[in-house]
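What follows is a short report on a single structure.
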Amino acid sequence: MEKVIKLSQIKKAAQEAYDETKSLTGGKNANYIPYLANIDSNLFGLSVTLLDGTCINLGDTEYKFGIESVSKVPTAILAMIQHTPKGVLEKIGADATGLPFNSIFALLLENDHPSTPLVNAGAISACSMVAPQGDSKDKWTAIVNNITELCGSAPQLIDELYMSETATNFNNHAIAWLLKNYNRIYDDVDMSLDLYTRQCSLGITSSQLAIMGATIANKGLNPVTKLQIFDEEIAPKITSMIASVGFYQHTGDWLFTSGIPAKTGVGGGVMGVMPGLFGIAAFAPPLDDAGNSVKAQAAIKAFMNKLELGIFKGDTVKIIND
Ligand code: GLU
């Protein structure tokens, strides 16, 4: 079916989705990272970026929160830019684990294979793949520059979050050393884990994440800066990874109910990619039992349902200005 949606309908759907989910309660801030436990749990923002560069921002969309696991997406893209999608598939994989983000069991079950760059094991592995090998400073610059290009503006390291995570990431140490044991880490172990921890501690806004989502939805062309950030062929690859594991063990339920591939982070952010149409992001700190923001999920679902959109619907959708 050919579906035509007016810009005014999109703005209205975003406003209604925001208003209806604003007062939702439920969930609690991530408490295993001390910094995150203390963030104001009432913060809430919803951002949509269309492929013509139109940005819709409602609520706390300029608040810089911890990007956390949403950072796995840009670094997976960077690894694909530097090593091709095939290289990432061979060295890390692209499978869903069906298990929590920090599962050691998944690593053991998958027979020494990290599965996907969008869970902790694969993300640490992806950081180890970032060029130039052996140079922490230049690797970090590459990671941050890539995020900056995808968003059209720079993220900012939250030092307190970085220190908080570094002091408590014992589980991730175990994952990193298991990866080393299985020859799935491609640079110094401690350096790779540190880069992963640091990228998770970057402060980002929902308006920046919506632009990143839109850049992926737009086949690598940032719709705001109009710069081509990555090769077209990477867009369906990263979107398939987001679709298959973006919500960890709740990914199937999420896709079934929302119809949009999206990636979450324990900082409360969710970034969605609607190929050929828009990027969307929401942020609210309280999380469900799998580490996914309760309010951000509700807001994005409400937006999708109001516009009757869904990646599996098979509709050809056109957005027009009115
Ligand atoms: N830095 C967090 C960790 O490694 C990220 C987890 C997440 O956002 O899912 O535990």
Side-chain angles (χ1 to χ4, degrees), residues 32 67-144 146-147 165-166 168-202 230 233-234 237-249 251 263-266 291:
Y32 74 103
I67 186 171
E68 296 295 346
S69 279
V70 184
S71 68
K72 290 166 178 163
V73 173
T75 300
I77 291 174
L78 180 59
M80 287 195 266
I81 293 172
Q82 295 180 337
H83 303 273
T84 77
K86 190 165 167 276
V88 171
L89 181 67
E90 283 168 5
K91 285 196 153 67
I92 300 178
D95 253 345
T97 60
L99 287 164
F101 59 91
N102 54 1
S103 178
I104 289 175
F105 201 44
L107 199 52
L108 301 173
L109 266 181
E110 284 280 331
N111 227 346
D112 63 15
H113 200 274
S115 304
T116 164
L118 301 195
V119 298
N120 288 19
I124 296 167
S125 208
C127 286
S128 78
M129 283 177 76
V130 169
Q133 289 295 299
D135 190 326
S136 174
K137 193 165 163 281
D138 286 356
K139 280 169 86 107
W140 176 243
T141 303
I143 289 171
V144 175
N146 178 54
I147 296 177
E165 291 215 34
T166 303
T168 54
N169 63 349
F170 313 115
N171 192 87
N172 287 339
H173 274 276
I175 290 175
W177 282 103
L178 263 180
L179 288 168
K180 172 75 176 170
N181 185 52
Y182 293 139
N183 295 319
R184 289 286 178 181
I185 201 117
Y186 306 101
D187 207 333
D188 180 78
V189 182
D190 291 326
M191 181 207 294
S192 306
L193 176 60
D194 176 59
L195 287 167
Y196 167 74
T197 309
R198 239 191 295 170
Q199 74 171 24
C200 285
S201 309
L202 284 168
F230 59 79
E233 63 154 348
I234 292 175
K237 303 301 183 200
I238 188 65
T239 309
S240 80
M241 285 172 172
I242 296 171
S244 59
V245 76
F247 272 71
Y248 307 118
Q249 66 271 41
T251 305
K263 182 72 202 84
T264 64
V266 294

The criterion is salt bridge (Lys or Arg N to Asp or Glu O under 4.0 Å); which residues satisfy it with Lys86, sequence neighbours excluded? Glu90
Going by the salt bridge (charged side-chain N to carboxylate O under 4.0 Å, His left out) test, which pairs reach into residues 125-134, not counting sequence neighbours? none
Heavy-atom donor-acceptor pair, Ser244 side chain to Ser240 backbone, under 3.5 Å: yes
By salt bridge (Lys or Arg N to Asp or Glu O under 4.0 Å), which residues pair with Arg198, not counting sequence neighbours? Asp194
Does Met129 reach the side chain of Lys91, with side-chain heavy atoms less than 4.5 Å apart? yes
Quick check: do Phe101 and Gln249 have side-chain heavy atoms less than 4.5 Å from each other? no
For Ala76, check side chain to side chain contact (heavy atoms under 4.5 Å, CB included) against everything at least two apart and list the hits. Pro117, Leu118, Ile238
Can you find a side-chain donor-acceptor pair between Asp95 and Thr116 that sits under 3.5 Å? no
How about Met241 and Val88: do any of their side-chain heavy atoms sit closer than 4.5 Å? yes
Below 4.5 Å, heavy atoms only, C-beta onward: do Tyr32 and Thr168 meet side chain to side chain? no
Would you say the side chains of Asn120 and Asn172 form a donor-acceptor pair under 3.5 Å? yes
Look up atom CD1 in Ile143 and atom SG in Cys127, then write down how far apart they are to the nearest 0.5 Å. 4.5 Å
Where do Tyr186 and Ser125 come nearest, in terms of heavy atoms and distance? CE1-OG, 3.6 Å
With sequence neighbours excluded, tell me which residues meet salt bridge (Lys or Arg N to Asp or Glu O under 4.0 Å) with Asp187. Lys139
With side chains defined as the heavy atoms from C-beta onward, is the minimum distance between Leu195 and Val130 less than 4.5 Å? no
Are the side chains of Leu108 and Leu178 in touch, meaning some heavy atoms are under 4.5 Å apart? yes
What's the spacing between Met80 CE and Ile92 CD1 if we round to 0.5 Å? 9.0 Å
Does any non-hydrogen side-chain atom of Leu193 lie less than 4.5 Å from one of Asn169? yes
Residues in ring-ring contact (aromatic ring centres under 6.0 Å, His included) with Phe247, at least two apart? Trp254
Can you list the steps and then say if Thr264 with Tyr248 is a side chain to side chain donor-acceptor pair (under 3.5 Å)? CA-CA 9 Å; Thr264 64; Tyr248 307 118; 4.8 Å; no
